[in-house]
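What follows is a short report on a single structure.
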Amino acid sequence: MSTEKGETRRMTIAEALREAIREEMRRDDRVFCLGEDIGIEGGFGGAFTVTLGLSEEFGHERILDTPISEAGIAGAAVGAALTGMRPIADVQYADFLFCMMDQLVNQAAKMTYMSGGKVKVPLVMRAPCGATTRGAQHGQSPESFFIHVPGLKVACPSTAYDAKGLLKTAIRDDAPVLFFEHKLLYGSKGMRAEKDAVSPTSEVPTEEYTLPFGKGVVRREGKDVTIVAKLLMVYKALAAATRLEDEGVSCEVIDPRTLVPFDTEMVVDSVRKTGRLIIVDECNRTGGWAGEVAAEIQEKAFGYLEAPILRITAPDTPVPFSPVMEKFYVPDEDRITDAVREVLRWR
Amino acid sequence: MSTEKGETRRMTIAEALREAIREEMRRDDRVFCLGEDIGIEGGFGGAFTVTLGLSEEFGHERILDTPISEAGIAGAAVGAALTGMRPIADVQYADFLFCMMDQLVNQAAKMTYMSGGKVKVPLVMRAPCGATTRGAQHGQSPESFFIHVPGLKVACPSTAYDAKGLLKTAIRDDAPVLFFEHKLLYGSKGMRAEKDAVSPTSEVPTEEYTLPFGKGVVRREGKDVTIVAKLLMVYKALAAATRLEDEGVSCEVIDPRTLVPFDTEMVVDSVRKTGRLIIVDECNRTGGWAGEVAAEIQEKAFGYLEAPILRITAPDTPVPFSPVMEKFYVPDEDRITDAVREVLRWR
Amino acid sequence: MIRPPRESLVRMYQRMQQIRQLEEKVYYLFLQGDMPGTLHLYIGMEACAVGVCENLRHEDYITSTHRPHGHAIAKGVSLKAVMAELFGKSVGCCGGYGGSMHVGDLAVGSVPAIAIVGGGVPVATGIGLSCKMRKTDNVVCCFFGDGAVNEGAFHEGLNMAALWDLPVVFVCENNLYAASTPIAQAVKLAHLSERAGAYGIPGVTVDGNDVLAVYEVVGQAVERARRGEGPTFVECNTYRLCGHSRSDTCGYRDREEEAEWKKRDPLLVMEENLTEAKLITPDELLGIKEAVAREIDEAVQFARAGQTPKPEDCMQHVCAEE
Amino acid sequence: MIRPPRESLVRMYQRMQQIRQLEEKVYYLFLQGDMPGTLHLYIGMEACAVGVCENLRHEDYITSTHRPHGHAIAKGVSLKAVMAELFGKSVGCCGGYGGSMHVGDLAVGSVPAIAIVGGGVPVATGIGLSCKMRKTDNVVCCFFGDGAVNEGAFHEGLNMAALWDLPVVFVCENNLYAASTPIAQAVKLAHLSERAGAYGIPGVTVDGNDVLAVYEVVGQAVERARRGEGPTFVECNTYRLCGHSRSDTCGYRDREEEAEWKKRDPLLVMEENLTEAKLITPDELLGIKEAVAREIDEAVQFARAGQTPKPEDCMQHVCAEE
Ligand SMILES: Cc1ncc(C[n+]2csc(CCOP(=O)(O)OP(=O)(O)O)c2C)c(N)n1
Ligand SMILES: Cc1ncc(C[n+]2csc(CCOP(=O)(O)OP(=O)(O)O)c2C)c(N)n1
Ligand SMILES: [Mg+2]
Ligand SMILES: [Mg+2]
């Protein structure tokens with residue numbers, strides 16, 4: 001395809017991420033990947049195919065298969081990053097970030113500060129999140145833990161275009177970046193395909209580009225209610241907005257793309273217009289990202305709010321296995337639609 | 001001392017915690033302590049003297065010294081709790097909770113749920129928090145991470161009376177409890193004393209008592225502004241309230257005592273009266289507990305709020321070492337006083 | 001070599017058949033789209049779970065992994081309860097809350113499986129501690145794969161169990177791969193049991209496809225544990241005769257290697273051993289096999305007929321009811 | 001035994017004196033209330049850091065622990081920069097952001113110390129990986145205590161370094177206690193170096209109070225690492241001639257044991273060795289000692305005179321400036 005932006009191709013998120021890694025590894029010798037099952041011949045290319053085929057071009061030194069040692073992976077990434085490399089580490093499921101929490105929170109995030117700004121830790125930690133009938137230890141959305149760690153940046157792309165542009169920025173950033181990828185958005189095909197996946201593809205320019213951190217995007221303009229959502233929830237919010245259009249309700253849907261830094265301004269501007277805010281998030285409710293946004297916006301846009309800010313999140317339970325329960329657990333269009341109607345009752 | 005409540009003695013928090021452990025260990029064979037340096041002869045009784053002397057009464061089997069193995073300690077506590085014991089585990093500094101995060105988040109918190117309610121995990125994890133010029137890896141207040149983990153309960157006592165009553169409840173609870181103790185509140189004497197400590201003592205009944213989770217306490221009644229604060233910040237909030245009294249401002253100070261479950265009702269009731277809310281917290285700002293409270297209260301008390309809810313927290317930085325910087329980092333009376341004046345400008 | 005009593009031999013063969021046939025059925029149902037979630041099957045490794053658990057009492061414990069069906073069945077969780085759990089039904093052994101990766105039932109000593117690689121190791125140490133503190137002579141067998149021996153939790157758990165002479169048997173199922181990763185890309189040792197020395201405990205490697213060998217070696221370790229002499233590390237050499245998960249086609253394995261191991265299928269090995277020693281007739285074996293097939297069908301029926309949880313049931317069981 | 005050149009001997013003695021005298025001064029200042037925070041002093045262990053670092057080039061790296069002053073000085077961080085950091089001054093090696101437990105300066109290869117026990121181990125592995133990937137022949141020496149060998153991070157880091165033949169020397173300073181905990185309550189082994197076998201790498205135990213012995217053993221390990229032959233685990237037997245932290249009075253240690261080790265004070269040992277072998281005269285030693293005393297005084301003056309950070313400086317350096 002060709003637009004005013006130049007040539008583009010349709011791509012899945014998995015493909016876009018792979019291309020971002022490939023381009024950055026070509027551009028910069030210091031960039032390398034490490035993780036479990038990422039480069040084995042005849043293997044998976046990581047749990048969700050993102051690194052598939054890369055070892056052929058870059059060899060096994062730069063697509064480095066590790067033992068199952070999450071603390072070792074993250075610690076090694078910190079050490080390599082401190083001394084001139086730019087590692088992209090992979091954790092098969094975001095749930096396993098808890099096995100490397102000390103390395104991420106106490107070391108990666110703090111080394112720059114503890115050194116008085118003398119060292120840098122340019123590492124990227126890629127983590128697939130989201131519930132997919134794998135149960136309590138393979139379906140968490142732990143993004144909110146990491147927004148609470150000063151020194152870390154947090155990215156959450158929901159389209160292939162964003163995924164590529166943000167991953168390239170993450171790799172070039174001198175700070176450690178947690179890069180969350182939703183399992184149902186990869187659009188992986190073949191043996192690693194996911195049931196119920198949204199698999200969004202988008203037009204991705206052939207020409208190189210990066211996307212800045214801290215800049216959200218308005219996915220849909222509207223004037224009655226602002227909905228902020230990330231990752232898979234962007235699609236649920238858009239579906240709800242489409243449905244509500246028939247009822248004559250106009251929703252503005254914002255995708256922040258990065259959680260740290262966060263585009264507070266974009267949300268404040270929107271709320272000044274709509275007077276109503278709903279945050280949709282697959283993280284658990286208490287202590288989650290949705291609450292952070294609510295707290296920040298009620299402060300920054302106090303005079304403009306015509307209704308309480310509502311949070312539509314996963315409940316405060318672990319991820320249940322049984323598909324009917326999981327469906328209840330993950331926020332859906334119905335809950336979003338109801339919430340919109342509720343805030344509209346405040347006039 | 002003798003009041004309508006019966007006989008009491010003045011006690012420090014460290015003493016009150018020790019007494020709670022002693023009473024519960026006497027009452028119930030299944031209760032035991034494990035951790036690093038908790039019971040060594042001639043040693044410290046844990047990093048902050050809480051378990052000092054207990055091995056004399058209960059022996060080294062029940063006051064179990066461990067290697068430096070946080071994942072091992074927490075995992076062993078889970079295993080013991082699953083099979084009929086009631087472990088009280090000790091992490092020397094709350095910062096090291098990150099070394100056992102997988103055990104706490106993926107296992108302790110989820111085993112009951114994953115089993116469909118068939119198993120229980122009655123363990124207590126005691127964790128000293130707060131900045132005390134020890135720098136970035138020994139001064140964190142990581143409470144907020146744990147309110148975001150469904151399946152965990154979180155307690156934060158600020159007085160000796162509460163510490164004893166809540167710890168006994170925690171030990172008897174069938175759910176895993178994270179029990180945060182502020183380093184500057186222990187009131188430890190002698191070689192482990194802390195500089196700048198508040199060392200509050202309180203009257204503690206000789207008669208046995210427990211305190212329920214989820215019930216806050218109004219530390220000071222007022223009508224103009226509600227201040228919610230926990231741990232050390234309770235004392236800073238009270239000091240600010242006293243100072244503001246001279247200016248004719250009446251502050252209500254609420255200490256929630258447990259974060260999960262949280263006494264939302266008490267805060268909502270207070271805000272209905274005052275119309276203004278400030279949350280004071282030593283946790284980092286973004287994604288922290290203060291934001292959770294703000295999000296919840298703006299929703300539950302929307303029509304009553306006359307000003308935006310303000311958060312007075314540690315900034316989004318690691319804990320700095322240099323005492324002047326640390327003093328800036330920890331919320332103080334001045335910042336609270338300023339915030340109160342600010343919310344009062346909204347009329 | 002110890003010869004277990006005939007009833008024990010029959011039970012072991014029956015259990016191995018139960019596991020094999022359940023897994024084959026489950027795989028079929030999964031491919032048909034009848035079964036939700038993901039799956040890690042135990043096909044080819046049956047002799048490990050069964051040889052280990054034949055040494056255990058009802059009151060003893062096991063901990064398990066992301067590949068738990070075989071362990072749970074060997075410890076005594078019913079086929080029906082396992083099957084129903086895989087279907088996400090309320091009558092499943094975890095009420096449908098757990099799913100494939102968390103199968104287990106503490107009522108028979110099978111701790112709901114921990115699917116974090118290595119995560120079960122310190123938990124088993126804690127169970128051992130509890131068995132000792134409660135002054136029982138119970139033991140815990142802790143199952144984990146070759147991949148788990150490089151996790152920090154493994155290290156911390158083994159060291160503590162060794163230090164305190166806890167009644168734990170650490171059973172490493174070395175099937176040569178962790179997902180797609182061959183063992184040589186994970187550890188620089190010929191035998192994983194060499195790691196035992198680092199904790200000052202005995203380590204032994206055994207043919208994990210020979211149920212009688214596993215039974216014997218683990219039996220000694222269990223006895224040692226019961227006597228209060230501490231843990232043992234047992235490495236069982238075995239092989240997955242299936243993919244790592246779901247529709248994995250094992251592109252990372254050598255087809256010849258697979259064929260070699262297929263010849264040493266633990267069910268074949270046991271059938272040969274038993275018939276050669278004339279302990280069981282081929283007809284009897286066939287009878288057991290057919291009986292198990294009927295049990296499996298019943299289990300599927302039971303699971304299909306079972307109540308599906310209500311959506312809002314997901315709000316329950318976050319904390320234990322007091 | 002290797003005899004290092006005279007200039008090397010002099011430098012080692014001088015470094016050991018620098019560490020000893022800095023620590024004694026710091027302790028005094030702390031007791032006087034002049035110094036904030038908490039402290040873990042390196043008194044009695046000087047031969048380890050100095051013997052190790054004498055083998056290293058400027059471009060080589062070390063990682064350190066909660067007890068880092070000696071390591072940093074041995075690797076070349078100036079006394080002034082260390083002292084100023086302990087005072088929390090902007091001219092400190094970490095600008096006052098780090099403090100005692102994070103002393104270090106990457107400009108001389110001394111990674112800001114990681115005070116999480118065992119936390120530095122995988123980081124050192126990553127540095128080794130980086131040295132290898134960047135095709136340098138640099139090495140990294142990773143310091144940690146006897147307490148660290150029971151942390152999961154230790155295990156994961158050693159295994160990965162071994163697997164990939166990384167240029168890392170793992171230096172375990174076994175001072176017999178982890179805080180108040182005697183080694184026998186933490187590990188069931190006679191020598192911690194026995195753990196090396198679990199990773200398929202060489203392990204060796206050396207007298208950590210004899211700087212020349214440390215120098216020689218670590219020298220071989222460093223050469224091995226430079227040649228690309230992989231890591232070595234070196235256990236240095238030593239002893240804290242001070243409390244674990246701050247005002248610890250070591251109530252958990254035997255006074256006789258302390259007295260025995262006091263006789264083997266690494267400074268005494270070196271002085272005896274050098275004078276007996278007539279390599280240095282007692283007068284020369286005294287001269288070095290006095291020169292160091294002056295350096296320490298200057299460092300204190302420098303630190304006291306140094307700028308205190310502004311309170312709001314704490315908002316800086318959260319992320320690296322691009
Ligand atoms: C901590 C953690 N890391 C990674 C995974 C993903 N994972 C699941 S199974 C597996 C391979 C396990 O290999 P092994 O321990 O040998 O057991 P096997 O599957 O061969 O039975 C991996 C990497 C996990 N579940 N937990
Ligand atoms: C992960 C972690 N757990 C506990 C501590 C608290 N702590 C600090 S030093 C120490 C003892 C360390 O002993 P060792 O490794 O032998 O070093 P040494 O102090 O003897 O030099 C402990 C338990 C810590 N800093 N990090
Ligand atoms: Mg395996
Ligand atoms: Mg030590």
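None of these values were measured; they are calculated from a predicted model. Proteins come first, then strands; the chains are lettered A, B, ... in the order of their sequence lines, and each starts at number 1. Heavy-atom basis, side chains included; hydrogens, waters and symmetry copies ignored.
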Side chain to side chain, A/Leu64 and D/Leu129, heavy atoms closer than 4.5 Å
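When only atoms from C-beta onward are counted, D/Leu129 and A/Leu64 do touch, with a gap below 4.5 Å.
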Do A/Thr112 and D/Val318 come within less than 4.5 Å of each other through their side chains, counting heavy atoms only?
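Not in contact.
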Can you tell me how far [atom2] of [Y] sits from [atom1] of [X], rounded to the nearest 0.5 angstrom?
X: A/Met114; Y: D/Ile114; atom1: CE; atom2: CD1; answer: 6.5 Å
X: D/Ile116; Y: A/Asn106; atom1: CD1; atom2: CG; answer: 4.0 Å
X: A/Gln103; Y: D/Glu156; atom1: CD; atom2: CD; answer: 7.5 Å
X: D/Cys93; Y: A/Lys118; atom1: SG; atom2: NZ; answer: 6.0 Å
X: D/Cys319; Y: A/Asp173; atom1: SG; atom2: CG; answer: 7.0 Å

Measure distances from [X] to the heavy atoms of chain A and classify the residue's part below 4.5 Å as side chain, backbone, both or neither.
X: D/Glu85; answer: neither
X: D/Ala113; answer: backbone
X: D/Leu163; answer: side chain

How would you list, by chain and number, every residue that makes a salt bridge (charged side-chain N to carboxylate O under 4.0 Å, His left out) with A/Glu23, sequence neighbours excluded?
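Residues passing salt bridge (charged side-chain N to carboxylate O under 4.0 Å, His left out) with A/Glu23: A/Lys164, A/Lys168.
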Chain A contacts, top residue of D/Gly119, D/Gly128, D/Cys131 (heavy-atom pairs, under 4.5 Å):
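Heavy-atom pair counts peak at D/Gly119.
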Between D/Gly99, D/Pro112, D/Gly95, D/Gly157, which residue shows the highest count of heavy-atom pairs closer than 4.5 Å to chain A?
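The candidate making the most pairs under 4.5 Å is D/Pro112.
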Sort by residue number and list every member of residues 132-154 of chain D having a non-hydrogen atom under 4.5 Å from chain A.
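Listed by number: D/Met133, D/Arg134, D/Ala153.
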Is there any residue in residues 56-79 of chain D with a non-hydrogen atom under 4.5 Å from a non-hydrogen atom of chain A, and which ones are they?
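Within residues 56-79 of chain D, the residues that come under 4.5 Å of chain A (heavy atoms only) are D/Tyr61.
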Would you say that more than 12 heavy atoms from the other residues, nucleotides or ligands in this model lie under 6.0 Å from the CD of A/Glu208, or not?
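Counting other residues, nucleotides and ligands, CD of A/Glu208 exceeds 12 neighbours.
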Residues, nucleotides or ligands: over 12 heavy atoms within 6.0 Å of D/Glu312 CD:
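For D/Glu312, atom CD is crowded (more than 12 foreign heavy atoms under 6.0 Å).
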Heavy-atom donor-acceptor pair, A/Tyr113 side chain to D/Cys314 backbone, under 3.5 Å:
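Present.
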Within the side chain of D/Ser130, is there an N or O that forms a donor-acceptor pair under 3.5 Å with the backbone of A/Thr83?
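Yes, because the side chain of D/Ser130 sits within donor-acceptor range (under 3.5 Å) of the backbone of A/Thr83.
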Which answer fits A/Leu152, side chain, backbone, both or neither, if we ask what part of it has an atom under 4.5 Å from a heavy atom of chain D?
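For A/Leu152, there is no contact with chain D at all, as no heavy atom is under 4.5 Å.
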Considering non-hydrogen atoms only, spot the tightest contact between A/Gly116 and D/Tyr97 and give its length.
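Smallest interatomic distance, heavy atoms only, reads CA-CD1, 3.7 Å.
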Distance-minimising heavy-atom pair for D/Met160 and A/Ala76
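Scanning both residues completely, I find the closest heavy atoms to be CE-CB, 4.2 Å.
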Under the side chain to side chain donor-acceptor pair (under 3.5 Å) rule, what pairs show up with a residue in residues 57-78 of chain A, not counting sequence neighbours?
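Checked against side chain to side chain donor-acceptor pair (under 3.5 Å) - neighbours excluded - the pairs reaching residues 57-78 of chain A are A/Arg22-A/Glu57, A/Arg26-A/Glu57, A/Glu41-A/His60.
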So which residue, A/Arg30, A/Met85, A/Met100, ends up with the most heavy-atom pairs under 4.5 Å with chain D?
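Highest number of pairs under 4.5 Å: A/Met85.
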At a heavy-atom distance under 4.5 Å, which candidate from A/Gly151, A/Ala109, A/Pro122, A/Ser115 has the highest pair count against chain D?
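Greatest number of close heavy-atom pairs with chain D: A/Ser115.
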Can you check side chain to side chain contact (heavy atoms under 4.5 Å, CB included) on D/Val111 and A/Met111, steps first, answer last?
CA-CA 9 Å; D/Val111 174; A/Met111 291 293 287; 3.7 Å; yes
